Amino acid sequence: MKQQPHTVVLAYSGGLDTSVLLKQYILAGVRVIAMTLDLGESDGVAGGGAKAELDAVRQKALDLGAADAVLIDARERYIAEHATLALHANALYEGVYPLSAALSRPLIAALLVETAHKYGADSVAHGCTGKGNDQVRIELAVRALDPDLACLAPLRDKPLSRPDAMDFAKQHGVPVSTTAAKPYSIDANLWGRSIEAGILEDPWNAPPEEAYAWTAAPADRPRTAEEIVISFNNGIPTFQGKTGVALVSALNTVTGRHGIGRIDLVEDRVVGVKSREVYECPASITLITAHKALERLVLSRDELRFKAGLDQKYSELIYDGLWPSGLRTALDAFNAAFFPRMTGEIRLSLHDGKATVVGSRSPFSLYSEALATYGREDAFRHDAAEGFIRIWGLPLEVGARINREAQPR
Ligand code: ARG
């Protein structure tokens, strides 16, 4: 441990690593406040039971000697202040990953800072290693919120091997779950579940079916397609009359049954290495698909093209830990400018791993059947196209003539 904190708020999952950290701090005489969050980690798992599990995590921290342990239900805040903004930016890192893990880190950081202020702590700490993206995201967000608060990463300073962690746990009465070591590293919240390490580290290995928990295997999916409608009101989605957490949760269940949202990606980490990550993001992928379809209906060609570039930038800011940047909030303002037109309904057909848009309508639709039709009611001025093409192609024509004349014979 670098500096000796007086009071530290520790982001506590209840797992082996953060339990060992908690105990180490206590043995070193540090006052520890354990902070555990509910971000909907078990949302996609049938049966749920999250509340009881999280209460047990909080109790475990107290039993290990934490001065206090807080359990915060951050789900609504996560969806309202993070996931919904990402949806408005159609945020997909490297074109495919809805950034579920990345989006949650600035909120974890904000809650660490808020909890630290409440308890008069001088430090916050997390269990990220020195190789991943999450350390970057948490630390940048903590610094942006309170530059005077120390943000500690004990596992980066002193990596802990699993056997050493087990030995320490045995020695100091840290309860260790008796189940075999988990074959993957898992991170999950309402916006998606990510699975890495183990057999997946060789990008040639296909993800085994057991890696997935939220999406049905091909053999277990309904044979027939199911249609759903997602409505948007000023950019805010509704499904089956639900919004916010209830919407995302219901959508995870409905679309997960059809195996929607599986992603297998060799991605580029902030720290410069490529890593292979598998995700299952049924609700977020479906929502982004629907949101894009509504944009296609109500935004002009120019707006769509320009926004696509900004959307990509937005996804990079989230991934790279720059959520607290002024550029991100400026892009939020840009996206909000479309809200007055972002009202309408999208019909999707769910089948065998894919959510396909099969219908869209909006009072602000720019689609004109009279202009688009090839039928008798066609209102498009065909004769006007000739003059348009003449002028539109003028620079090409001029260039071609000049080139021909300048050519040595
Ligand atoms: N690679 C993803 C990201 O950086 C997910 C990392 C989540 N962690 C995990 N243990 N699966 O956003």
Side-chain angles (χ1 to χ4, degrees), residues 11-19 21 36-37 39-45 78 82-83 85-87 89-109 126-141 153 155-156 159-160 162 165 181-203 205 207-208 210-215 261-282 284-285 288 312-324 328:
Y12 183 62
S13 69
L16 178 62
D17 285 354
T18 51
S19 296
L21 286 184
T36 304
L37 299 187
L39 289 167
E41 178 166 345
S42 358
D43 185 65
V45 183
Y78 179 52
H82 294 253
L85 301 184
L87 173 65
N90 304 308
L92 294 171
Y93 183 61
E94 298 192 326
V96 290
Y97 159 47
L99 293 148
S100 44
L103 267 173
S104 72
R105 269 36 180 197
L107 178 55
I108 295 173
H126 59 78
C128 304
T129 66
K131 213 162 144 179
N133 297 314
D134 292 333
Q135 50 168 350
V136 180
R137 296 164 181 155
I138 291 179
E139 293 184 34
L140 294 194
L155 288 186
R156 185 175 61 208
L160 193 66
R162 191 164 171 97
K182 293 190 192 92
Y184 307 106
S185 162
I186 308 279
D187 182 84
N189 61 60
L190 284 156
W191 212 236
R193 180 171 178 270
S194 60
I195 309 122
E196 60 178 16
I199 183 186
L200 300 171
E201 280 176 2
D202 178 349
N205 289 334
E210 41 135 69
Y212 297 107
W214 291 17
T215 51
R262 289 187 173 190
I263 298 149
D264 183 357
L265 172 68
V266 173
E267 75 187 35
D268 291 280
R269 284 195 186 167
V270 186
V271 292
V273 300
K274 284 189 186 291
S275 69
R276 198 272 190 96
E277 310 270 346
V278 172
Y279 302 98
E280 41 186 354
C281 307
S284 53
I285 286 290
I288 292 170
Q312 187 185 322
K313 184 67 199 173
Y314 199 99
S315 74
E316 290 165 5
L317 291 174
I318 298 174
Y319 193 87
D320 296 350
L322 294 171
W323 178 264
R328 198 268 303 168

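Keep in mind it's a predicted model, so treat the numbers as computed, not measured. Ligands are counted one by one from 1 in listed order, and the atoms in each one are counted from 1 as well.
Scanning the protein heavy atoms around atom 4 (O) of ligand 1, the nearest turns out to be Asn133 ND2, 2.7 Å. For atom 10 (N) of ligand 1, the closest heavy atom belonging to the protein is Ser185 OG, 2.5 Å. Taking atom 8 (N) of ligand 1 as the reference point, the nearest protein heavy-atom neighbour is Asp187 CB, 3.7 Å. In terms of protein heavy-atom proximity, atom 1 (N) of ligand 1 is nearest to Glu267 OE2, 2.6 Å. Nearest protein heavy-atom neighbour of atom 9 (C) of ligand 1: Glu196 OE2, 3.4 Å.
Side-chain contact between Leu103 and Asn189: absent, with no pair of heavy atoms (C-beta onward) separated by less than 4.5 Å. Between Arg193 and Ile186 there is a side-chain heavy-atom pair separated by less than 4.5 Å.
One N or O on the side chain of Glu280 and one on the backbone of Thr215 form a donor-acceptor pair closer than 3.5 Å.
Ligand 1 lies less than 4.0 angstrom from a heavy atom belonging to Tyr279. Residue-ligand proximity: Arg269 is placed with every non-hydrogen atom at 4.0 Å or more from ligand 1.
Within the listing of ligand 1, atoms 5 (C), 7 (C), 12 (O) sit less than 4.0 angstrom from a heavy atom of Ala101. Close contacts of ligand 1 with Arg137, meaning ligand atoms under 4.0 Å from a residue heavy atom, involve 3 (C), 4 (O), 12 (O).
Here Tyr97 has side-chain heavy atoms under 4.0 Å from ligand 1, and that is the only part of it that gets that close.
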Stepwise side-chain contact (heavy atoms from CB on, under 4.5 Å) test for His82 and Ile318: CA-CA 10 Å; His82 294 253; Ile318 298 174; over 6 Å; no
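Taking distance alone, with nitrogen or oxygen atoms compared against 3.5 Å, Arg105 stays at or beyond that limit from ligand 1.
With salt bridges taken as basic N to acidic carboxylate O contacts below 4.0 Å, one links Glu196 and Arg269.
When Ser275, Ser194, Gly132 are ranked by how near their heavy atoms come to atom 7 (C) of ligand 1, first place goes to Ser194.
A donor-acceptor contact closer than 3.5 angstrom links the side chains of Tyr279 and Glu267.
Ring geometry, Tyr319 versus Tyr97: the interplanar angle exceeds 60°, so the pair is classed perpendicular (tilted spans 30 to 60°). Classification of the Trp323-Tyr314 ring pair by plane angle, with boundaries at 30° and 60°, yields perpendicular.
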